[in-house]
Amino acid sequence: MSEDTTTLSDESAETRAARKVREGLVTSTNMDKTIVVTVTDRVRHAKYNKFVLRSKKLYTHDEANDAGVGDRVRVMETRPMSKNKRWRLVEIVERAR
């Protein structure tokens with residue numbers, strides 16, 4: 001009986017969806033251990049079939065206060081860390097010049 005419960009928990013851990021990963025530009029570093037990352041996507045308009053730029057601001061946890069404004073970064077979805085913060089910094093892809 002106990003073996004069944006362990007296999008169920010193992011299966012649920014394997015079937016959990018992968019976390020979302022996004023790449024964007026750092027637009028603000030004014031907060032402590034938090035950066036604002038703007039992610040821009042090209043989306044095709046439903047009626048006019050033209051590409052439209054849609055941007056989203058993601059509040060991201062930066063433990064070391066390492067990223068600067070203008071850096072291109074990769075962020076990953078995580079548990080809620082505050083009212084608005086649901087992402088964490090994975091890596092800095094490219095530093096600002």
Extract all donor-acceptor atom pairs below 3.5 Å that involve side chains of residues 70-77 and protein atoms in other chains or at least two apart in sequence.
| unit_1 | atom_1 | unit_2 | atom_2 | d |
| --- | --- | --- | --- | --- |
| Asp71 | OD1 | Ala96 | N | 2.7 |
| Asp71 | OD2 | Gly68 | N | 2.7 |
| Asp71 | OD2 | Arg95 | NH1 | 3.4 |
| Arg74 | NH1 | Glu91 | OE2 | 2.1 |
| Arg74 | NH2 | Glu23 | OE1 | 2.8 |

Ignoring hydrogens and angles, write down the donor-acceptor pairs under 3.5 Å from the side chains of residues 41-50, residues two or more places apart or on other chains.
| unit_1 | atom_1 | unit_2 | atom_2 | d |
| --- | --- | --- | --- | --- |
| Arg44 | NH1 | Asn49 | O | 2.8 |
| His45 | ND1 | Lys47 | N | 3.0 |
| His45 | ND1 | Tyr48 | N | 3.2 |

Begin with the C-alpha distance, continue with both residues' side-chain angles, and end with the deciding distance and a verdict on side-chain contact (heavy atoms from CB on, under 4.5 Å) for Val39 and Leu58. CA-CA 7 Å; Val39 177; Leu58 307 176; 3.5 Å; yes

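Between the CE atom in Met31 and the CG atom in Asp62 there is a gap of 11.0 Å [rounded to 0.5 Å]. Atom CZ of residue Arg19 and atom CZ of residue Arg22 lie 14.0 Å apart, to the nearest 0.5 angstrom. Summarising the geometry, atom CG belonging to Asp66 is positioned 13.0 Å from atom NZ belonging to Lys33; distances are rounded to the nearest 0.5 Å. Here the OG1 atom belonging to Thr60 is positioned 5.0 Å from the CD1 atom belonging to Ile35, to the nearest 0.5 angstrom. In this structure, CD on Glu94 lies 9.0 Å from CG on Leu25, to the nearest 0.5 angstrom.
You'll find the side chain of Asp32 stays beyond 4.5 Å of the side chain of Thr34, heavy atoms only.
Taking the side-chain hydrogen bond (donor to acceptor under 3.5 Å, both in side chains) definition, one finds that Thr29 meets it with nothing, sequence neighbours left out. With sequence neighbours left out, Thr38 forms a side-chain contact (heavy atoms from CB on, under 4.5 Å) with Thr27, Thr40, Ser55, Lys57. Residues meeting the side-chain contact (heavy atoms from CB on, under 4.5 Å) test with Arg79, sequence neighbours left out: Met81.
Note on residues 52-97: no pairs pass ring-ring contact (aromatic ring centres under 6.0 Å, His included), not counting sequence neighbours.
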